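Model, not experiment: these values are computed from the prediction. Numbering of ligands and ligand atoms starts at 1, following listing order.
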Amino acid sequence: MNAAGQLYIVAAPSGAGKTSLVKALLASLDGVEVSVSHTTRSPRPGETHGVHYHFVTLDVFRSLVGEGRFLEHAEVFGNCYGTSRDTVAARLAAGVDVILEIDWQGARQVRSIFTDALGVFIVPPSLAELRRRLTGRGQDAAEVIEQRMDEARAELSHWQEFDYVVVNDDFAQALDALRAVFVANRQRREVQARRHSELFTRLVG
Ligand code: GDP
Ligand code: ADP
Ligand code: 5GP
């Protein structure tokens, strides 16, 4: 597929800081948006329907799957998550860079369709720090945190399937690194040729 915007996949074990980093990136860079997934998980305190996720029942989720409305979907920690096909396609066609915050299973499905999607994997500086962040976030029950710690190694084992790896130790440094990936990719010749076609015509005819 040849879209105007660049598609990014950002993955990480739960608690590594993916959502915080992406939020800070969006605040500091124009022309990039994050796709809002559908999920069957319950909203956390402070999560808003349509902003953080489209929160749906399992029945609704299954019918969306049946209608082919998802670009990818996967079961993560016993809940279903999926990315809306039409929304992503429309934003890319409008020239916007789109970020999918999805797990490694979804990343594989997306790469098979958007072969030029770029993958960024975010890792914590240690498993002990990952546990501290999951606990410190204060939004998941103790058994949910244990389940996410168990799953963290499985998610981490897929790090080599991604194009870029950002270690989220110092937050500001990790944000700089993530931002650099996006800024550098916008200077690629084929992107610049599209964005500045009139300039190149004026410069070299
Ligand atoms: P958090 O990442 O710890 O904030 O936890 P979430 O409950 O928001 O997400 C749980 C898992 O679902 C993560 O591993 C995400 O990568 C994954 N996930 C979220 N949205 C999607 C999606 O649209 N598709 C897929 N395949 N996975 C998703
Ligand atoms: P994810 O979306 O990957 O599950 P979050 O963005 O929710 O992760 O981050 C998990 C917790 O860790 C949050 O409470 C967040 O404020 C905190 N956090 C994120 N990055 C850092 C960092 N570099 N240093 C310390 N705490 C962090
Ligand atoms: P949380 O429930 O903590 O918000 O997210 C847990 C995990 O689900 C995260 O690792 C997140 O990346 C993943 N996730 C969220 N939305 C999607 C999605 O639409 N598709 C896939 N495959 N994973 C998702």
Side-chain angles (χ1 to χ4, degrees), residues 7-27 34-56 61 64-65 69-88 98-114 117 119-141 144-159 161-162 165-178:
L7 186 61
Y8 290 90
I9 300 164
V10 177
S14 181
K18 167 173 43 71
T19 307
S20 310
L21 283 169
V22 166
K23 190 174 169 203
L25 176 75
L26 297 191
V34 64
S35 158
V36 179
S37 297
H38 286 71
T39 183
T40 61
R41 136 164 114 62
S42 308
R44 293 177 181 139
E47 280 186 338
T48 307
H49 180 73
V51 176
H52 300 92
Y53 282 104
H54 302 290
F55 294 99
V56 294
F61 193 92
L64 292 171
V65 171
R69 301 273 290 277
F70 290 130
L71 173 59
E72 62 76 34
H73 62 93
E75 188 180 320
V76 190
F77 314 133
N79 297 306
C80 298
Y81 294 88
T83 302
S84 161
R85 185 188 298 278
D86 289 352
T87 310
V88 169
V98 176
I99 298 175
L100 309 181
E101 275 191 52
I102 62 177
D103 82 317
W104 68 271
Q105 307 171 79
R108 279 197 182 166
Q109 297 171 48
V110 170
R111 270 189 226 105
S112 71
I113 300 167
F114 288 89
V120 184
F121 197 72
I122 295 169
V123 296
S126 69
L127 290 175
E129 174 62 14
L130 184 66
R131 182 185 293 279
R132 267 194 292 279
R133 288 181 192 173
L134 279 171
T135 310
R137 186 164 68 184
Q139 291 193 322
D140 296 303
V144 172
I145 290 177
E146 284 318 309
Q147 184 192 12
R148 286 173 182 237
M149 283 304 296
D150 286 346
E151 297 284 338
R153 274 204 182 79
E155 182 82 25
L156 284 164
S157 72
H158 294 279
W159 70 279
E161 296 167 26
F162 292 79
V165 176
V166 172
V167 179
N168 182 19
D169 189 353
D170 176 74
F171 188 85
Q173 280 182 19
L175 177 60
D176 271 356
L178 183 63

Heteroatom proximity flag, Gly17 to ligand 2, N/O under 3.5 Å: yes

Under 3.5 Å: donor-acceptor pair, side chain of Asn168, backbone of Ala174: no

Short side-chain to backbone donor-acceptor contact, Glu129 and Pro124, under 3.5 Å: no

Any Ala16 heavy atom less than 4.0 Å to ligand 2: yes

Geometric cation-pi criterion, Arg44 with Tyr53: 6.0 Å, 45°: no

Side chain, backbone, both or neither: Glu151 near ligand 3, heavy atoms under 4.0 Å: neither

Ligand 2 atoms in contact with Asn168 (distance to a heavy atom under 4.0 Å): 19 (C), 20 (N), 21 (C), 22 (C), 23 (N)

For atom 21 (C) of ligand 2, the option (of Gln173, Arg133, Gln139) bearing the nearest heavy atom: Arg133

Pairing residues for Phe171 by the ring pair (Phe, Tyr, Trp, His ring centres under 6.0 Å) criterion, not counting sequence neighbours: none

Residue portion contacting ligand 3 (non-hydrogen atoms closer than 4.0 Å) for Glu47: neither

Whether Thr48 side chain and Val51 backbone form a donor-acceptor pair below 3.5 Å: no

Ser35 (side chain) donor-acceptor with Ser84 (main chain) under 3.5 angstrom: no

Aromatic plane relationship, Phe162 with Phe121 - under 30° parallel, 30 to 60° tilted, over 60° perpendicular: tilted

Structural part of His73 in contact with ligand 3, heavy atom criterion under 4.0 angstrom: neither

Heteroatom proximity flag, Leu21 to ligand 2, N/O under 3.5 Å: no

Ligand-residue contact atoms, ligand 3 with Glu72, heavy atoms, under 4.0 Å: 18 (C), 19 (O), 20 (N), 21 (C), 22 (N)

Options Arg44, Glu101, Arg137, ranked by nearest heavy atom to atom 14 (O) of ligand 2, top entry: Arg137

Crowding at CZ, Arg85 (>12 non-hydrogen neighbours, <6.0 Å): yes

Distance-minimising heavy-atom pair for Ala16 and Ile122: CB-O, 3.9 Å

Any side-chain donor near an acceptor of the partner, Glu101 and Ser37, under 3.5 Å: no

Under-4.0 Å salt bridge between Arg41 and Glu47: yes

Which of the ligand 3 atoms, numbered from 1, are nearer than 4.0 Å to a heavy atom of Arg41: 1 (P), 2 (O), 4 (O)

Min heavy-atom dist Ala12 to ligand 2 below 4.0 Å: no

Rounded distance (nearest 0.5 Å) linking atom CD of Gln109 with atom CG of Asp103: 8.0 Å

Gly136 touching ligand 2 at heavy-atom level, < 4.0 angstrom: no

Atoms of ligand 3, numbered as shown, that sit under 4.0 Å from any heavy atom of Thr83: 19 (O)

Under 4.0 Å to a heavy atom of Gly82 - the qualifying atoms of ligand 3, by number: 18 (C), 19 (O)

Those atoms of ligand 3 less than 4.0 Å from some heavy atom in Ile102: 12 (O), 17 (C), 18 (C), 19 (O), 20 (N), 21 (C), 22 (N), 23 (N), 24 (C)

side-chain contact (heavy atoms from CB on, under 4.5 Å) between Val110 and Leu71, intermediate numbers included: CA-CA 7 Å; Val110 170; Leu71 173 59; 4.3 Å; yes

His38, any N or O under 3.5 Å of ligand 3 N or O: no

Option whose closest heavy atom lies nearest to atom 7 (C) of ligand 3, chosen from Phe70, Trp104, Phe77: Phe77

Atoms in ligand 3 flagged as close to Ser37, the criterion being non-hydrogen separation under 4.0 Å: 16 (N), 17 (C), 18 (C), 19 (O)

Test ring pair (Phe, Tyr, Trp, His ring centres under 6.0 Å) applied to His49 - qualifying residues, sequence neighbours left out: His54

Region of Ser20 engaging ligand 2 - heavy atom pairs below 4.0 Å: both

Ligand 3 contact by Gln105, heavy-atom criterion under 4.0 angstrom: no

Sub-4.0 Å atoms of ligand 2 with respect to non-hydrogen atoms of Asp169: 22 (C), 23 (N), 24 (N)

Side chain, backbone, both or neither: the part of His52 lying under 4.0 Å from ligand 3 by heavy atom: neither

Heteroatom proximity flag, Glu129 to ligand 2, N/O under 3.5 Å: no

Sidechain N-carboxylate O distance under 4.0 Å for Glu155, Arg148: no

NZ/NE/NH1/NH2 to OD/OE distance under 4.0 Å, Asp140 and Arg137: yes

Backbone or side-chain N or O of Ser14 under 3.5 Å from ligand 3 N or O: no

Heteroatom distance test (Arg137, ligand 3): nitrogen or oxygen, under 3.5 angstrom: no

Nitrogen or oxygen of Thr19 less than 3.5 angstrom from that of ligand 2: yes

